2 protein chains.
Amino acid sequence: MSHTLGIRQAQKQKTRQAFLDAALELLEEQSLSSLGLREVTRAVGVAPTAFYRHFRSTADLGVALVEEALGSLHPMIGATVSAAGDSDQRIAGAVELIAHHVDAYPAHVRFIARERHGGVQPVREAIGAQLARFAEEVRAELATHPEAEGWSDDDLLMLAGLYVDQMLMTASLFLATLDAPEQERARVADVASRRMRLISIGRRHWLG
Amino acid sequence: MSHTLGIRQAQKQKTRQAFLDAALELLEEQSLSSLGLREVTRAVGVAPTAFYRHFRSTADLGVALVEEALGSLHPMIGATVSAAGDSDQRIAGAVELIAHHVDAYPAHVRFIARERHGGVQPVREAIGAQLARFAEEVRAELATHPEAEGWSDDDLLMLAGLYVDQMLMTASLFLATLDAPEQERARVADVASRRMRLISIGRRHWLG
DNA sequence: CCATGCAGTCAACAACTGTTCTCCGGGATC
DNA sequence: GATCCCGGAGAACAGTTGTTGACTGCATGG
């Protein structure tokens with residue numbers, strides 16, 4: 001159904017993507033509220049005024065980045081929750097999935113972790129809304145599992161939120177070990193696994 | 001023992017504190033990496049060059065703010081962990097303590113939540129180091145409780161870190177409800193309490 | 001094939017930034 | 001009481017910032 005884009009629109013999306021990529025790279029060592037419009041256009045190799053053809057402001061750019069970054073995070077969360085095997089195997093698989101995602105999209109993870117509590121209100125709200133949607137999806141997924149019998153929807157949502165937050169926390173810790181010895185990464189993976197295990201145990205004994 | 005400060009040093013500390021206060025207020029709607037030197041001096045009502053008499057750079061100011069903000073958080077964490085009563089009472093008390101602290105020092109909480117993953121490396125590292133110290137203290141406190149029997153030091157530290165992160169998470173959520181209806185705050189307190197309860201249950205069944 | 005639309009350019013604007021150097025006044029020290 | 005020390009003021013520097021308006025070339029739709 002997707003109509004083949006004309007040369008024109010294709011080029012526009014291309015430079016728009018260039019803006020997003022350049023911004024994510026610049027945001028490696030600063031936060032969105034200090035990201036300058038000219039700074040981005042310079043990195044893209046385009047006139048400052050071209051920015052306005054794609055975004056109203058840097059905050060607008062930020063909201064677009066939220067979709068980009070959380071778009072890549074979304075399938076990861078789904079895969080993490082619906083992993084197979086017994087409890088410990090599932091946890092190990094989930095932690096490995098997170099580590100792999102951080103390797104593949106470090107800038108995405110960094111952006112979300114940084115701007116979730118960052119200084120730009122619209123971006124904060126966009127991230128919060130999307131994460132709430134993720135938690136809702138996780139809740140729905142958990143509800144299909146047999147262990148969820150007897151759980152209220154509210155408690156399931158609480159658990160889902162705990163999982164989502166824990167994933168982000170873990171991802172952020174992995175991020176800090178990107179250029180650190182392998183031993184450090186193993187340590188992070190170990191602690192994250194034990195945290196997840198404790199939550200799993202709490203989940204198992206929640207009722208009664 | 002403390003020698004009475006001379007007029008000179010007293011005045012210096014006074015304006016230094018004015019810098020910290022002004023910075024915290026400005027950081028309400030932006031992040032440290034976008035905080036300008038002149039911006040701060042303007043808020044204090046002092047010449048731009050006076051800044052250098054107290055700090056080398058804005059990153060240096062940030063590190064000083066870490067001590068200020070975490071200094072106020074420290075006793076709160078201690079009180080939270082060593083609260084009295086049965087499990088549910090302790091949890092309710094802890095959540096209330098957190099809510100009260102957010103009311104009393106919103107700017108401190110905001111600063112820590114924002115800059116913990118923020119764009120200024122030295123500040124990030126300072127926060128991480130202090131939080132690690134907090135977790136260590138919590139571990140030591142937990143070790144004195146009878147429920148900790150049979151726990152390895154490593155597992156206790158894992159639990160302590162989980163508590164610390166959960167406190168910050170909860171505090172950050174309370175922060176977002178500062179100018180929201182009371183109902184919203186109650187909702188946050190409820191979810192936070194249930195999270196803590198799940199963790200407590202996991203803790204109780206961790207062994208065996 | 002021609003007219004319209006639109007991504008991107010260019011020049012210019014006032015306002016702002018961090019940093020240096022020089023200077024001043026008054027508390028501190030002997 | 002003379003001297004030194006030092007927190008702060010002032011002026012000036014070269015760069016940077018966001019935003020404007022009028023322009024150009026080219027893909028598009030009639």
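Everything numeric here is computed off the predicted structure, so don't read it as measured data. Naming: A, B, ... by sequence-line order, numbering from 1 per chain.
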Among D:dA9, D:dT16, C:dT17, the one nearest A:R42 by side-chain distance:
D:dT16
Sugar-phosphate, base or nothing in reach of B:T15, heavy atoms under 4.0 Å:
sugar-phosphate
Side chain of B:A50 - closest among D:dT28, D:dG8, C:dT19
D:dG8
What is the distance, rounded to the nearest whole Å, between atom OH of A:Y52 and atom P of D:dC23?
20 Å
Other residues, nucleotides, ligands: >12 heavy atoms within 6.0 Å of A:H74 NE2
yes
Does this structure show an ion pair linking B:D155 with A:R197, if we count only N-O contacts that are shorter than 4.0 Å?
no
Counting side-chain heavy atoms from CB outward, which of D:dT28, C:dT19, D:dT16 is closest to A:R8?
D:dT28
No-hydrogen, no-angle side-chain donor-acceptor test under 3.5 Å, B:Q130 and B:E67:
no
Out of D:dG8, C:dA11, D:dA11, whichever nucleotide has its closest atom nearest the side chain of B:T49:
D:dA11
Using the side-chain heavy atoms of B:R38, tell me which of these nucleotides is nearest: D:dT17, C:dT19, C:dG27.
C:dT19
With distance as the sole test, does A:S172 use its side chain to make a donor-acceptor pair with the main-chain N or O of A:L168 at under 3.5 Å?
no
Could you tell me the separation between the NE2 atom of A:H54 and the C1' atom of C:dC6, rounded to a whole number of Å?
11 Å
